[in-house]
Amino acid sequence: MLRLTDTRTGALEAIVPSTPGRLKVYACGPTVYRYAHVGNLRTFLLTDLIRRTASMHGLQVQLVQNITDVGHLQDDTNLDADGEDKLLAQAREEGKDPFWIARHYEEAFHRDQALLGVHPADAYPRASESIDLMLRLIADLVEKGHAYVGGDGTVYFAAESFASYGAISHNKLSELRAGHRADATELAKGKRFHADWALWKRAGENREMTWPSPWGHGFPGWHIECSAMSLDLLGDVIDIHTGGIDLRFPHHEDERAQTDCYAGKEVVRHWVHGEHLLFEGRKMAKSTGNVVLVSDVIDRGFDPLALRLAFLGTRYRQQANLSWAEIAGAHKTLTRWRASVAAWAEQPSAAMVVEAAQVLDAFSDDLDTPRALQVLRSVEKSGAPDGAKFETFAWADRLLGLDLARDVGRAPDALPAGAQDLLDARAQARTEKDFALSDRLRDELAGLGVAVKDTQVGQEWTLT
RNA sequence: GGCCGGGUGGCCGAGUGGCUUAGGCAAGGGCCUGCAAAGCCCUGUACGCGGGUUCGAUUCCCGCCCCGGCCUCCA
C-alpha cells in the first residue's frame, strides 16, 4: 500500500485507487519554451517514483502529462491582447516559428526524461491540440454561471463562485492581497474581482497562435488546458495529481475550480507536490542565472543517472540543496554499484535477502527514498551471498531506476590503438621490477585515455 | 498582512521521548602497494535561542530569532 502526503488535507493518505487495480495519475508537464533544468526534472521524477511504486504493488498506472505549448504568459500583469506568451517571446528571441520552438523543446524534454530514467507517460496531450476541449469547457462554465465575459471579450472565471476555492493552497480569497499583481486597468476592462482569472483571452491583430471562438479570435488561459485535457483523458475521477510546489497556487487552485465546477464534484482525490530544488544554496531560476541543465551534468563527465541518485537522497517534499559535490558523490556510488552488481552477477544465483522488502516499504512510506538507499548500502556491506546481493539490487532497481545492471555481462571496451603494446611492455617491465619504465608507460597510457591500476592479479585498465 | 516549509557534527542530509543516538561527501589514521589508484578497517557525539511538560527533550507544547518558498511568471 502506497501512502503519500496530500497537499489539500495536509495528511499522509493511503492511496486507494478509485478503480481497483488501476491508478489514474495526471502530472503537470513542461511549458516547452526552453530546456528543462534539473529542478524541473526533480519534480518529474516524483511522478515516476509514484508510478514505479504503484506498479510494484501490482497497480496498472495510467499516466497523462500535458505539454504546454500555448497560453502560458510571461507576466499576467499584462493580461491584455498583447500579453506576452512565453513561447512567442522565445520564438522572437531565437528568430523561429513558435511551433518550431514548441516541438524543439518538447523533444528535448523527452530526451531529458529518458536520460533520467523516467518512464514515458501513456499520453502527452498538447494544449495547442486541445483547443476544442477547452472551448467546450469554457462554454459550460459560462452557462453554469461560473464564468463571464468581460468588457474586452475576455472570458473570466469568477473565483467567488467556487465555495471551496483555496483548499489546496490554504489561501482564503478574503486574505489574498487584492491587486498584488492584477492592476486597476485590468479591472477597468471588465474583470469583476481581483482573484478572477482568464479562461479565454481576446487576441490582438498580429498575434500568432490564435484560434476562433464564440468570444472572438483568441487564445486560452494557462489553467484551463489542464482541466480540459485531464477530464478528456482520465475522466472525472483522478487518483493523483502531481506538480511542483509553486503550482499549488494559483495554477492548481484554478484548475481545481474549473474542473470541479464542470464535473460537479471533487475530481482529484489526492494532490501531491514536489518541493523546490536549490543549487549551491540558491534558488534555481533563470532570473538568478543559477540554472543547471542535464547537458551541464553530462559535460562535467557525470552520468545523468547520478543526478537521479542524488535526488533520491532527499525526500520529494523536502527542499533539497544540490551541489556539484553531491552529484560527484552520487556518480561515484553509482559507478561502484554497477561494478559490484556486474561482479555479483558472475556468482551463483541466490534468493533475495529478506531486507529487500524494506526497500519497497520505504518507497511506499511517502517515497522515503533516503531510507531505501540506506537499506541497500547496508545490504551491499552485509555478508549475504553475492548472488543474493545481485538479485536484491536488480529487483530494487525497478524502483530506483538507476540502470544498475548495465554492466552485467558487458563486453570489455576496446583499447585504443597501440595501448595493448604499452600494456604488454609495462607488464614485462613490472616482472623485471623496472618501476621507472613501468611508471613512464602508465603515464603514456593515461595520455591515450587508459587508466591502469595494479592489483593482486596483475594490471587492470579502464577507459577514462 | 495571509499561507507553507525549514534551522542537525567541516559540508550535504535522514531520524528519534531514553537504547549501539543513519548514510554520504570531505578530513585524519591504518591495512594493502615498489609507488599510485581502488578497496577495506578505524576515528570524529551534532541537533537555532529561551521557557514549559516529563524521571528524561534534538524530538512534544509555548514564545522568540533566523532562513527559504507562495500570495495571479515559475517544477
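Protein chains get the first letters and strands the later ones, always in sequence-line order, with residue 1 at the start of each. These numbers come from a predicted model, not from an experiment.
Look at the P atom in both rG28(B) and rG63(B): the space between them is 47 Å, to the nearest Å. Taking the P atoms as reference points, rG34(B) lies 46 Å from rU8(B), given to the whole Å. The C1' atoms of rU16(B) and rA57(B) are separated by 11 Å, rounded to the nearest whole Å. Rounded to whole Å, the P atom of rG23(B) lies 33 Å from the corresponding atom of rC62(B). Taking atom C1' in both rG15(B) and rG6(B), the straight-line distance is 15 Å, to the nearest Å. Look at the P atom in both rG9(B) and rC47(B): the space between them is 8 Å, to the nearest Å. For the C1' atoms, the distance from rC64(B) to rA27(B) is 36 Å, rounded to whole Å. The same atom, P, is picked in rA46(B) and in rC11(B); the two are 15 Å apart, to the nearest Å.
Applying the salt bridge (Lys or Arg N to Asp or Glu O under 4.0 Å) test to D407(A) and every residue at least two apart in sequence or in another chain returns R410(A). The ring pair (Phe, Tyr, Trp, His ring centres under 6.0 Å) check on H252(A) picks up H241(A), W271(A), H273(A), with sequence neighbours excluded. For Y316(A), the ring pair (Phe, Tyr, Trp, His ring centres under 6.0 Å) test picks out no residue, with sequence neighbours left out. Checked against salt bridge (Lys or Arg N to Asp or Glu O under 4.0 Å), R248(A) has no partners two or more places apart in sequence or in another chain. Partners of R308(A) by salt bridge (Lys or Arg N to Asp or Glu O under 4.0 Å), not counting sequence neighbours, listed by chain and number: D48(A). F302(A) meets the ring pair (Phe, Tyr, Trp, His ring centres under 6.0 Å) test with H331(A); sequence neighbours excluded. Remark: W324(A) pairs with F279(A) by the ring pair (Phe, Tyr, Trp, His ring centres under 6.0 Å) rule, at least two apart or across chains.
The residue L46(A) sits apart from the nucleic acid: no heavy atom pair falls under 4.0 Å. When heavy atoms are screened at a 4.0 angstrom cut-off, A451(A) is found touching no nucleic acid atom at all. Residue contacts for G274(A): at a heavy-atom cut-off of 4.0 Å it reaches no nucleic acid atom on any strand shown.
Closest-nucleotide positions on RNA chain B for R371(A) and Y165(A) were compared, and the one nearer the 5' end corresponds to R371(A). Each of L277(A) and P250(A) was assigned the nucleotide of RNA chain B with the nearest heavy atom; the assignment lying further toward the 5' end belongs to P250(A).
If you take CG of L312(A) and C1' of rG23(B), they are 14 Å apart, rounded to a whole angstrom. The nearest whole Å value for the distance from the CG atom in D246(A) to the P atom in rC70(B) is 7 Å. In this structure, F311(A) places its CZ atom 18 Å from C1' of rA14(B), rounding to the nearest Å. Straight-line distance from the CG atom of N321(A) to the C1' atom of rG24(B): 15 Å, rounded to whole Å. Residue Y316(A) contributes atom OH, which lies 13 Å from atom P of rA14(B) at whole-angstrom precision. Summarising the geometry, the separation between CG on L373(A) and C1' on rC12(B) is reported as 14 Å, rounded to the nearest angstrom. Per the geometry, NE2 belonging to H251(A) stands 14 Å off P belonging to rC71(B), to the nearest Å. Across the protein-nucleic acid pair, R377(A) atom CZ and rC12(B) atom C1' stand 12 Å apart, rounded to whole Å.
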Scan nucleotides 38-44 of chain B against the protein and return all N/O pairs shorter than 3.5 Å with their distances rounded to 0.1 Å.
none

Polar-atom pairs under 3.5 Å, protein N or O versus N or O of nucleotides 32-35 of chain B: list them with distances, or write none.
{"residue": "rG34(B)", "atom": "O6", "partner": "R430(A)", "partner atom": "NH1", "Å": "2.6"}
{"residue": "rG34(B)", "atom": "N1", "partner": "D439(A)", "partner atom": "OD1", "Å": "3.1"}
{"residue": "rG34(B)", "atom": "N2", "partner": "D439(A)", "partner atom": "OD2", "Å": "2.9"}
{"residue": "rC35(B)", "atom": "O2", "partner": "R442(A)", "partner atom": "NH2", "Å": "2.8"}
{"residue": "rC35(B)", "atom": "N3", "partner": "R442(A)", "partner atom": "NH1", "Å": "3.2"}
{"residue": "rC35(B)", "atom": "N4", "partner": "D454(A)", "partner atom": "OD2", "Å": "2.9"}

Listing time: all N or O pairs from protein to nucleotides 3-11 of chain B that are below 3.5 Å?
{"residue": "rC3(B)", "atom": "O2'", "partner": "S169(A)", "partner atom": "O", "Å": "2.9"}

Any chance you could lay out the side-chain contact (heavy atoms from CB on, under 4.5 Å) test for T47(A) and I50(A), step after step, and finish with the verdict?
-> CA-CA 5 Å; T47(A) 308; I50(A) 291 173; 5.6 Å; no

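A cation-pi arrangement is present between R192(A) and Y148(A), with the terminal nitrogen or guanidinium carbon under 6.0 Å from the aromatic centre and inside a 45° cone about the axis.
When the options F193(A), W197(A), Y165(A) are evaluated for a ring-ring contact (aromatic ring centres under 6.0 Å, His included) with F157(A), the one that passes is W197(A).
Ring geometry for W200(A) against W215(A) counts as tilted: the plane angle lies between 30° and 60°, on a 0 to 90° scale.
Looking at every heavy atom in both residues, D366(A) comes nearest to L4(A) through OD1-CA, 3.2 Å.
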Toss me the dot-bracket line for RNA chain B: Watson-Crick and G-U wobble, both under 3.5 Å, 5' to 3', using | for pairs to another strand and [ ] for crossers.
-> (((((((..(((.....[....))).(((((.......)))))....(((((..]....))))))))))))....

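Checked by atom type and distance alone, the side chain of D296(A) pairs as donor or acceptor with a backbone atom of L293(A) at under 3.5 Å.
In this structure, P370(A) and T314(A) have side chains that are not in contact, with every pair of non-hydrogen atoms separated by 4.5 Å or more.
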Using a 3.5 Å cut-off and no angle test, enumerate the donor-acceptor pairs between side-chain atoms of residues 433-446 of chain A and protein atoms at least two apart in sequence or in another chain.
{"residue": "D434(A)", "atom": "OD1", "partner": "L437(A)", "partner atom": "N", "Å": "3.2"}
{"residue": "S438(A)", "atom": "OG", "partner": "R426(A)", "partner atom": "NE", "Å": "3.3"}
{"residue": "S438(A)", "atom": "OG", "partner": "R426(A)", "partner atom": "NH2", "Å": "3.4"}
{"residue": "D439(A)", "atom": "OD1", "partner": "R442(A)", "partner atom": "NH2", "Å": "3.4"}

